[in-house]
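Structure, as structure tokens:
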Amino acid sequence: MASNPFRYRCPIVTANNPLLQAFDLPPYSVIRPEHVEPAVDTLLAENRAAITELLKQQSGTPSWSGLVLALDELNDRLGRAWSPVSHLNAVCNNAELRAAYEASLPKLSEYSTELGHNRVLYEAYQALAASPEAATFDVAQQTILEHSLRDFHLSGIDLPELEKQRFGAIQSKLSELGSRFSNQLLDATQAWSKQVSSEAALAGLTDSAKAQMQQAAEAKGLDGWLISLEFPSYFAVMTYADDRALREEVYAAYCTRASDQGPNAGQHDNSPVMLEILALRQELAKLLGFASYAELSLASKMAESTDQVLHFLRDLAVRSKPFAAQDLAELQAFAAEQGCSDLQSWDVGYYSEKLREQRYSISQEILRAYFPIDKVLSGLFAIVEKLYGIQIEELSGFDAWHPDVRLFEIKEHGEHVGRFFFDLYARANKRGGAWMDGARDKRRDAAGRLISPVANLVCNFTPAVGDKPALLSHDEVTTLFHEFGHGLHHLLTRVEHAGASGINGVAWDAVELPSQFMENWCWEPEGLALISGHYQTGDALPQNLLDKMLAAKNFQSGLMMVRQLEFSLFDFELHATHGDGRDVLEVLESIRAEVSVLRPPAYNRFPNSFAHIFAGGYAAGYYSYKWAEVLSADAFSRFEEEGVFNSDTGRAFREAILARGGSQEPMLLFVDFRGREPRIDALLRHLGLSQEAA
């Protein structure tokens, strides 16, 4: 890695610990692993003492400023220290930092459990909710109070003492297991690579993919080319490699990561971790009086019942599966014409790309030349400026965790709104995938000062090679827009109370609405005109390429839909039926039998790398992507009716959805914007999965 902020070690003096100092943006270059535990220990001790004192002061008639705002101050100080540590653990992982991070997790979990079980604190919140002052609270304050009381119950405040202790132990263990799952997946991903000495073995791969593999080999002092399981490398092989045996080899290594199968069978195996996580989640749910973890999950979500979620997913599956079967039949027939009569999982990406090229005379690789990163970013910023009346400028002279990191500022009418970091490229020791983290929340502090928000936006795109800039596939452009939608939700909030500003307090199955909503502009001709331009000539995306791209928009959308429904149903069923005698793979197979049209090989161990549900926040909540997709498609249909760059409609979306964060229930916000409850029709039409579209 080009830069490692943990290369140099220094003796620790707590007084000089950067995590304990006041700072605007985190001082990433001076944060060391040995700073982490002393900072966490110090802040937890100080917070505990401060909470004891404030509860003494608030006995009798608590106030918002004395209770909620005072706790916000304590949470903010702890969060400001922990947020950069957690972030660095994801983007610059190494053994020393990982050890410090993992040593701190149980301490933070114990502290969180203590707060949830603090009877005096709970009674103070109850007294505040019943006080005359509560009648004067704005809607965000009222929602924060309601959610706080709900969360006390979900934290086990009502449990007998022994069960409270068990609850705390489970929470701590789950925190540790989630981190272990993530670490073992990262280690398994890094543990496999394949050196290729003959360029002929890479026939079919694009020049940019081969250049990246050559660069990866050079970085490790090797000759030739190095294939890894980082997604850009894996994707390139699965999509373009003519050598079927190579595709199968890479596929087998990728889909068996962290499992008992494949070339590294038994190394970093997540199977026992998953079983322990599932058992503990079920025990946690039972302690709180829920029949399953799926029920517990929905207690703080938009969906009302497990039956409602399952009906929603199965209804989508019934509607989509015929389209998926048709997609597969067309692909199998095409592959057979090319000499592959037994289409397998490692052939799907390859022949799909060939079929796309034949049918639409277009490929992701041709499109890449028209999506250089700086053009995409300038176009993205122009789009949100048109929609929301904001301005975005790049900043310099800041402290970053890697040389590729960039920092931007959002302004409105010349006034500062917030800032966001972009860390866009794949590299060693960086977690895979794409995500947005709120690095700092917008809020008004105890002194009345307005604290502006900061976001981290992270992707894993193919970096620049040589003199050529980073060129994005259209899929990567869509990912960028998706994560930026999350970022706007965090940054454009007008709520000044921490508990409901940005994405805080937003139901998990509604939090994907702003992100999926942003993706629509990647497909609009007016949006594409802003985000595309040939990296050498600057020429706009030619009309014939644009027409082909739009024609290919719903290529294999049936197959993609049932794949996402497989993940969603597997996750929900796994958490709704745990303990019925079926193991993880048996649940997955039953879901595949119901919704899938192409079954992967028996050695496939997809669950072992399903970090969303085992190491992220999506347990019994992966359905949220599809749930929110209905909301986002229906919300965008108003723009289709009124103009995709209609500034009045853009402001209406900003004020109803983005600005109000978690201050009200998401259905109320959606109805406020759309004038009615959501309908599924727009989603099916956008994906070409309705009779009308067909």
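Every heavy atom of this structure was used, including side-chain atoms; hydrogens, water molecules and symmetry mates were not. Each residue takes its place number in the sequence, starting with 1.
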Answer yes or no on whether Arg257 is positioned over the face of Tyr254, meaning its NZ or CZ is under 6.0 Å from the six-membered ring centre and within 45° of the axis. yes
Mind checking whether Leu380 and Met518 have side chains closer than 4.5 Å, heavy atoms only? yes
Could you tell me which non-hydrogen atom of Ala201 sits nearest to which non-hydrogen atom of Asp243, and how far apart they are? O-CB, 4.1 Å
For Tyr101 and Asn93, run side chain to side chain contact (heavy atoms under 4.5 Å, CB included): C-alpha distance rounded to whole Å, both residues' side-chain angles, the deciding distance at 0.1 Å, then the answer. CA-CA 10 Å; Tyr101 174 82; Asn93 190 284; over 6 Å; no
Any salt bridge between Glu102 and Arg180, counting N to O under 4.0 Å? no
Look at Glu230 together with Lys430 and state whether they make a salt bridge at an N to O cut-off of under 4.0 Å. no
Counting N and O atoms only, with roles assigned by atom type, does the side chain of Asp347 sit under 3.5 Å from a partner on the main chain of Leu343, one being a donor and the other an acceptor? no
In Å and rounded to the nearest 0.5 Å, what is the OG to CG distance from Ser259 to Asn270? 9.0 Å
Heavy-atom side-chain contact between Phe398 and Val405 under 4.5 Å: yes
Going by an N to O cut-off under 4.0 Å, is there a salt bridge joining Lys354 and Glu357? no
For Asp583, I'd like to know if atom CG has over 12 heavy atoms of other residues, nucleotides or ligands within 6.0 Å. yes
Residues Met561 and Ser320: closest non-hydrogen pair is CG-OG, 3.1 Å
Is the charged tip of Arg359 near the ring of Phe555: under 6.0 Å from the six-membered ring centre and within 45° of its axis? no
With side chains defined as the heavy atoms from C-beta onward, is the minimum distance between Trp401 and Val91 less than 4.5 Å? yes
Run the side chain to side chain contact (heavy atoms under 4.5 Å, CB included) test on Phe481 and Asn520 for me, step by step, so that the C-alpha distance in whole Å, both residues' side-chain angles and the decisive distance to 0.1 Å come before the verdict. CA-CA 9 Å; Phe481 272 63; Asn520 289 290; over 6 Å; no
Arg406 pairs by side-chain contact (heavy atoms from CB on, under 4.5 Å) with which of Leu377, Leu457, Leu395? Leu377
Name the orientation class of the two ring planes belonging to Phe334 and Tyr351 (parallel below 30°, tilted from 30 to 60°, perpendicular beyond 60°). perpendicular
In Å, rounded to the nearest 0.5 Å, how long is the span from CZ of Arg592 to CG of Leu598? 10.0 Å
In terms of side-chain heavy atoms, does Glu365 have a donor or acceptor partner in Ser208 at a distance below 3.5 Å? yes
Looking at Asn608 and Ala258, would you say the former's side chain and the latter's main chain have a donor-acceptor pair under 3.5 Å? yes
Side-chain (His575) to main-chain (Asp571) donor-acceptor, under 3.5 angstrom: yes
Could you tell me if the side chain of Tyr603 sits less than 4.5 Å from the side chain of Cys255, heavy atoms only? yes
Can you check whether Phe567 reaches Tyr625 side chain to side chain, under 4.5 Å on heavy atoms? no
Could you tell me whether the side chain of Thr206 and the main chain of Ala209 form a donor-acceptor pair under 3.5 Å? yes
Please test Asp207 against Lys468 for salt bridge (Lys or Arg N to Asp or Glu O under 4.0 Å), starting from the C-alpha separation and ending with a verdict. CA-CA 11 Å; Asp207 289 343; Lys468 201 183 274 191; over 6 Å; no
Step-by-step ring pair (Phe, Tyr, Trp, His ring centres under 6.0 Å) determination, Phe610 to Phe614: CA-CA 6 Å; Phe610 198 2; Phe614 289 112; 7.0 Å; no
Would you say Ser352's side chain and Val348's backbone share a donor-acceptor pair under 3.5 angstrom? yes
Would Arg563 and Glu566 pass as an ion pair if we require N to O under 4.0 Å? no
In terms of the angle between their ring planes, are Trp346 and Tyr251 parallel, tilted or perpendicular, with boundaries placed at 30° and 60°? tilted
Does Ser378 use its side chain to pair, donor to acceptor, with the backbone of Lys375 at less than 3.5 Å? yes
If you measure from OG on Ser193 to CG on Leu222, what distance do you get to the nearest 0.5 Å? 7.5 Å
Indicate yes or no for a side-chain donor-acceptor contact from Ser590 to the backbone of Val587 under 3.5 Å, with no hydrogens or angles considered. yes
Please indicate whether Lys553 has more than 12 foreign heavy atoms, meaning atoms of other residues, nucleotides or ligands, lying under 6.0 Å from its NZ. yes
Check against side chain to side chain contact (heavy atoms under 4.5 Å, CB included), Phe371 and Val477: CA-CA 8 Å; Phe371 294 111; Val477 172; 3.8 Å; yes
Can you measure from CD1 (Ile613) to OH (Tyr622) and round to the nearest 0.5 angstrom? 9.5 Å
For the residue pair Gln212 and Ser233, establish whether any side-chain heavy-atom pair is separated by less than 4.5 Å. no
Walk me through it: do Trp523 and His474 pass the test ring pair (Phe, Tyr, Trp, His ring centres under 6.0 Å)? CA-CA 9 Å; Trp523 294 103; His474 188 257; 4.4 Å; yes
Spatial distance of atom OG1 (Thr479) from atom NE2 (His482) [nearest 0.5 Å]: 8.0 Å
Strictly distance-based, threshold 3.5 Å: is any side-chain N or O of His490 a donor or acceptor partner for the main-chain N or O of Gly487? no
Quick one: do Leu480 and Phe422 satisfy side chain to side chain contact (heavy atoms under 4.5 Å, CB included)? Show the steps, please. CA-CA 10 Å; Leu480 178 66; Phe422 264 147; 3.9 Å; yes
Which atom of Gln267 lies closest to which atom of Ala191, heavy atoms considered: OE1-CB, 4.5 Å
Side chains of Arg431 and Ser182, heavy atoms from C-beta outward: is any pair under 4.5 Å? yes
What closest approach, in Å, do Arg368 and Leu471 show between heavy atoms, and which atom pair accounts for it? NH1-O, 2.8 Å
Return yes if some donor-acceptor pair links the side-chain N/O of Gln516 with the main-chain N/O of Glu629 below 3.5 Å, else return no. yes
Give a yes or no on whether a salt bridge exists between Arg605 and Asp269, defined as a side-chain N under 4.0 angstrom from a carboxylate O. no
Using a 3.5 Å distance criterion without hydrogens, assess whether the side chain of Asn456 forms a donor-acceptor pair with backbone atoms of Ala439. no
Looking at Glu483 and Val458, what are the two nearest heavy atoms and their distance? CG-O, 4.5 Å
Taking all atoms of both residues into account, what is the closest heavy-atom pair of Gly433 and Asn460, and its distance? O-ND2, 2.7 Å
Measure the spacing between OH of Tyr370 and CG of Asp539 and express it to the nearest 0.5 Å. 6.5 Å
Does some side-chain heavy atom of Tyr28 sit less than 4.5 Å from a side-chain heavy atom of His87? yes
